[in-house]
Amino acid sequence: VDYALFQKAQTLGNMDKYSDKISLMSQLQRQYPQSAYAANALLEIADTYLSMGQNEKAAETYRQYIQKYPNNTDTKGVMLKLGMVYFNAEDDANAMKVFKQIVQDYPRTKEASTALKNIENLYSISGNVEEFFAYVRNVSFANITAEAQDTITYNAAADKYFNKQFTEAENGFDAYIKKFPNGIFSTHAHFYRAECLMRRSHLNDALSDYEYVIVHPLDQFETVAMVNAADIHLKNKNYRTAIDYYRRLQSKDLLPSYKQNCAVGLMRAYYADSSYNNAINMANVATHLMMGESIKSLDLRRGTITHF
């Protein structure tokens, strides 16, 4: 009878009759508590609540399972599910507690490895990666190399940056650069810290980072770093240095907006440096570039009109 109840409940679930499935699984639990299917029935109830989006009921039922069947082979997996319910609900304290319990009680298992990765994510989210490194020193199966620490520390800061938490990101990049001055992601960290500093109008501090990027270039950062460095030098009246950067930029394959910026920047820098002939030449270049873009824009509008 218990087997028949279990199979009928599963069939109801396959028919999307989730409430009926939960009702039958609960009946099996009550009427046949010693059944070989009792534990699976309770787990099915929890999983069904989760699939229905009733996360609090799912968490409550997972907790019941863990308390009722502490020695079952599935318990560590159920604990992982419970931890993820907490994690997805942003209940980080309870998620951390469950994940650490898995690591402690089931070391060197697949579930413990997953829990350890989730612990790393939680520490990264909170910006406390150093606390994570301290924690894993006491985890026998953890192997966090220097390269892994480098990556984890950088990723924690980068995640803040791409989530537009710029103050936290800047602090994270500060910590990364201090700990790993020649790290794997040094150029990335200096560039993104410069971008954070620009948001706060700390131009000279940003300039230092941009010039690090120029000396240690990566394709995705070099052009922006050089444009911003040139603009800051121009603003600071370091005209010769600004001219040097703008001229170096002219040799690159630039977007039209950057070409215009360089031409205008060179015109202003040459004029301020009393190099008037060069200033006139760059004024002509800037005008030509701007007119070219205007003509392209007009052609696009004409093209649109032609299709009517």
Side-chain angles (χ1 to χ4, degrees), residues 55 59 62-63 66-67 70-71 75-197 199-200 202 205 208-209 212-213 216:
N55 294 344
Y62 286 136
R63 289 194 296 268
I66 294 163
Q67 184 176 10
N71 299 318
T75 298
K76 57 185 179 294
V78 174
M79 291 176 69
L80 196 57
K81 288 182 178 182
L82 176 60
M84 289 308 301
V85 172
Y86 287 138
F87 181 86
N88 291 329
E90 298 185 4
D91 185 352
D92 293 349
N94 276 319
M96 183 76 82
K97 182 178 179 180
V98 173
F99 292 141
K100 285 187 174 180
Q101 194 68 48
I102 296 169
V103 169
Q104 178 180 310
D105 293 349
Y106 305 100
R108 303 183 188 282
T109 62
K110 179 179 69 176
E111 290 80 4
S113 296
T114 301
L116 186 62
K117 183 63 180 176
N118 291 336
I119 291 168
E120 175 195 320
N121 290 338
L122 284 167
Y123 276 119
S124 294
I125 289 168
S126 68
N128 296 319
V129 290
E130 290 302 321
E131 289 184 27
F132 172 69
F133 298 142
Y135 165 74
V136 294
R137 281 197 286 271
N138 298 312
V139 177
S140 60
F141 64 91
N143 181 27
I144 308 297
T145 63
E147 290 78 9
Q149 290 190 38
D150 182 311
T151 300
I152 290 166
T153 305
Y154 170 75
N155 284 341
D159 285 345
K160 298 293 185 186
Y161 181 85
F162 291 114
N163 283 310
K164 303 186 185 302
Q165 297 172 266
F166 298 113
T167 300
E168 294 88 345
E170 185 181 330
N171 293 336
F173 292 128
D174 282 343
Y176 175 83
I177 290 165
K178 287 175 184 175
K179 186 170 183 178
F180 304 100
N182 299 306
I184 300 168
F185 299 98
S186 289
T187 298
H188 297 71
H190 279 279
F191 178 82
Y192 290 125
R193 185 173 69 174
E195 296 287 280
C196 292
L197 289 163
R199 287 179 168 275
R200 297 197 294 120
H202 287 213
D205 291 332
S208 176
D209 278 331
Y212 179 97
V213 174
H216 305 85

**Asked** Can you check side chain to side chain contact (heavy atoms under 4.5 Å, CB included) on Phe99 and Leu80, steps first, answer last?
**Response** CA-CA 7 Å; Phe99 292 141; Leu80 196 57; 3.9 Å; yes
**Request:** Show your reasoning for whether side chain to side chain contact (heavy atoms under 4.5 Å, CB included) applies to Ile152 and Ile144.
**Result:** CA-CA 10 Å; Ile152 290 166; Ile144 308 297; 4.3 Å; yes
**Request:** In sequence, state the C-alpha distance, the side-chain angles, and the governing distance for Tyr62 and Val85, and then conclude on side chain to side chain contact (heavy atoms under 4.5 Å, CB included).
**Result:** CA-CA 10 Å; Tyr62 286 136; Val85 172; 4.1 Å; yes
**Request:** Run the numbers on Phe87 and Val98 for side chain to side chain contact (heavy atoms under 4.5 Å, CB included), then give the verdict.
**Result:** CA-CA 10 Å; Phe87 181 86; Val98 173; over 6 Å; no
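Sorted by first then second residue, the salt bridge (Lys or Arg N to Asp or Glu O under 4.0 Å) pairs that include residues 130-156, not counting sequence neighbours, are Glu130-Lys179.
Phe180 approaches Gln149 most closely through the heavy-atom pair CZ-C, 3.8 Å. Closest of all the heavy-atom pairs between Ile177 and Ala189 is CG1-CB, 3.9 Å. For the residue pair Ser186 and Asn182, the shortest heavy atom distance occurs at OG-C, 3.3 Å. Heavy-atom minimum distance, Lys76 versus Ile102: O-CD1, 4.2 Å. Smallest separation of non-hydrogen atoms from Asp91 and Asn94: OD2-ND2, 2.9 Å.
For Asn171, the side-chain contact (heavy atoms from CB on, under 4.5 Å) partners are Thr167, Asp174, not counting sequence neighbours. Residues satisfying the salt bridge (charged side-chain N to carboxylate O under 4.0 Å, His left out) criterion with Lys97, sequence neighbours excluded, are absent altogether. Taking the side-chain contact (heavy atoms from CB on, under 4.5 Å) definition, one finds that Ala169 meets it with Lys160, Tyr161, Phe173, Cys196, sequence neighbours left out. Not counting sequence neighbours, the partners of Arg199 by the side-chain contact (heavy atoms from CB on, under 4.5 Å) test are Phe166.
Distance check: Ile125 CD1 to Asp92 CG gives 6.0 Å after rounding to the nearest 0.5 Å. Note: Tyr176 OH to Thr151 OG1 = 7.0 Å, rounded to the nearest 0.5 Å. Note that CZ of Arg63 and CG of Leu82 are 6.5 Å apart. Values are rounded to the nearest 0.5 Å. Here CD of Glu170 is found 10.5 Å from CD of Glu168. Values are rounded to the nearest 0.5 Å.
A donor-acceptor pair is defined here as one N or O able to donate and one able to accept, closer than 3.5 Å; no such pair exists between the side chain of Ser208 and the backbone of Asp205.
The six-membered or imidazole ring of Tyr192 lies away from that of Phe185, with a centre-to-centre distance of 6.0 Å or more.
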Report all side-chain donor-acceptor pairs from residues 110-120 shorter than 3.5 Å, counting only partners two or more places apart or in another chain.
| residue | atom | partner | partner atom | Å |
| --- | --- | --- | --- | --- |
| Ser113 | OG | Thr109 | O | 3.3 |
| Thr114 | OG1 | Lys110 | O | 3.1 |
| Lys117 | NZ | Glu120 | OE1 | 3.4 |
| Lys117 | NZ | Glu120 | OE2 | 3.1 |
| Asn118 | ND2 | Thr114 | O | 3.4 |

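A parallel orientation is assigned to the rings of Tyr212 and His216, their planes being inclined by less than 30° (bins at 30° and 60°).
For the pair Phe141/Val103, a side-chain contact is recorded, criterion being any heavy-atom separation below 4.5 Å from C-beta on. Counting heavy atoms from C-beta on, the side chains of Asn88 and Asn55 never come closer than 4.5 Å.
Exactly one of Met79, Gln101, Lys81 qualifies for a side chain to side chain contact (heavy atoms under 4.5 Å, CB included) with Ile66. That residue is Met79.
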